[in-house]
Amino acid sequence: MNAAIDNRTAPYAAFLLRVSLGLLFIAHGLILKVFTFGIAGTVGYFESLGYPGLFAYLVILGEIGGGLLLVAGVFTRWISLALLPIMIGATLQHTGNGWVFSAQGGGWEFPVFWTVLLGVQALLGDGAFALKLPTAGRSTLQNRLA
């Protein structure tokens with residue numbers, strides 16, 4: 001292991017990243033898409049871009065559900081990877097607006113940064129204070145020790 005990584009504090013860094021990402025996804029899915037634009041408005045927006053309306057529901061579910069699972073620390077690596085297509089889609093949607101996210105329509109700097117952070121979280125794993133669920137083929141004792 002690299003001596004530059006402090007194994008005493010790294011799990012807390014992964015925890016902080018995991019919870020921050022989770023809260024951002026919850027806020028983006030629930031506050032922006034559900035409460036601000038409304039589900040029907042979000043579906044309409046997706047359809048105006050040429051996507052099936054079903055994609056809006058999948059993105060809302062992914063952002064809220066994925067955010068909750070990240071906060072809890074459940075299947076962190078898999079959830080981080082599963083959220084990547086949402087953020088890649090968001091990045092592609094903003095590419096025509098320029099780099100800076102404060103640009104008209106939002107630029108692509110924030111979605112790219114968020115995408116990179118999901119990759120970092122997938123590499124780091126759960127971190128501290130993650131909810132450990134039993135998995136098939138492993139005893140409860142093995143899961144507690146993992």
Side-chain angles (χ1 to χ4, degrees), residues 1-43 45-46 49 51-95 97-103 105-146:
M1 186 55 70
N2 186 343
I5 296 173
D6 188 339
N7 291 329
R8 295 169 299 158
T9 59
Y12 302 104
F15 161 72
L16 184 61
L17 177 60
R18 187 188 83 228
V19 171
S20 298
L21 283 169
L23 291 174
L24 278 170
F25 272 108
I26 293 167
H28 204 260
L30 191 62
I31 295 173
L32 181 67
K33 290 184 172 73
V34 174
F35 294 144
T36 303
F37 299 137
I39 294 174
T42 303
V43 170
Y45 177 70
F46 273 64
L49 297 173
Y51 296 113
L54 174 66
F55 281 16
Y57 293 103
L58 294 174
V59 168
I60 292 169
L61 178 65
E63 289 184 355
I64 297 170
L68 289 169
L69 290 170
L70 284 175
V71 168
V74 177
F75 305 119
T76 302
R77 292 180 197 270
W78 292 110
I79 298 301
S80 297
L81 293 172
L83 290 170
L84 282 174
I86 293 174
M87 291 314 303
I88 291 169
T91 300
L92 294 174
Q93 191 53 45
H94 289 283
T95 55
N97 303 333
W99 164 254
V100 182
F101 202 70
S102 60
W108 53 274
E109 71 174 314
F110 185 64
V112 165
F113 183 63
W114 205 347
T115 303
V116 170
L117 291 179
L118 283 171
V120 170
Q121 187 69 65
L123 291 170
L124 287 172
D126 296 332
F129 312 115
L131 181 63
K132 299 288 185 192
L133 297 179
T135 56
R138 293 176 70 179
S139 71
T140 304
L141 178 59
Q142 286 174 317
N143 283 315
R144 288 186 187 159
L145 296 175

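What you see is a predicted model, and the numbers here were worked out from it, not measured in a lab.
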Tell me every residue that passes side-chain contact (heavy atoms from CB on, under 4.5 Å) with Leu131, counting only those two or more places apart in sequence or in another chain. Val74, Leu133
Residues in side-chain contact (heavy atoms from CB on, under 4.5 Å) contact with Tyr57, at least two apart in sequence or another chain: Ile39, Val43
Where is the tightest heavy-atom contact between [X] and [Y], given as atom of each residue plus distance?
X      : Y      : answer
Arg18  : Val71  : NH2-O, 3.3 Å
Thr91  : Pro111 : OG1-CB, 3.2 Å
Leu117 : Leu21  : O-CD1, 3.8 Å
Gly125 : Ala14  : O-CB, 4.2 Å

Pair up each side-chain donor or acceptor in residues 60-69 with any protein partner under 3.5 Å, not counting sequence neighbours, and list the distances.
| from | atom 1 | to | atom 2 | distance (Å) |
| --- | --- | --- | --- | --- |
| Glu63 | OE1 | His28 | ND1 | 3.2 |
| Glu63 | OE1 | Gly29 | N | 3.1 |
| Glu63 | OE1 | Lys33 | NZ | 3.1 |
| Glu63 | OE2 | His28 | ND1 | 3.3 |
| Glu63 | OE2 | Lys33 | NZ | 3.1 |

Separation between CG (Leu24) and CD1 (Ile31), nearest 0.5 Å, reads 10.5 Å
Hey, does [Y] have a side-chain heavy atom less than 4.5 Å from the side chain of [X]?
X      : Y      : result
His94  : Trp99  : no
Trp114 : Glu109 : no
Leu84  : Thr115 : yes

Sequence neighbours left out, what passes ring-ring contact (aromatic ring centres under 6.0 Å, His included) with Phe113? Give chain and number order. none
With sequence neighbours left out, what residues match Phe129 under ring-ring contact (aromatic ring centres under 6.0 Å, His included)? Tyr12, Phe15
May I have all residue pairs that pass side-chain hydrogen bond (donor to acceptor under 3.5 Å, both in side chains) and include part of residues 67-81, sequence neighbours excluded? Thr76-Asp126
Before you tell me yes or no, could you show the steps for Tyr51 and Gln93 under side chain to side chain contact (heavy atoms under 4.5 Å, CB included), namely the whole-Å CA-CA distance, both residues' side-chain angles and the distance that decides it to 0.1 Å? CA-CA 12 Å; Tyr51 296 113; Gln93 191 53 45; 4.1 Å; yes
Quick one, Phe101 with Trp108, criterion ring-ring contact (aromatic ring centres under 6.0 Å, His included). Give me CA distance, side-chain angles, the key distance, then yes/no. CA-CA 6 Å; Phe101 202 70; Trp108 53 274; over 10 Å; no
Can Leu70 and Leu83 be said to form a side chain to side chain contact (heavy atoms under 4.5 Å, CB included), step by step? CA-CA 10 Å; Leu70 284 175; Leu83 290 170; 3.8 Å; yes
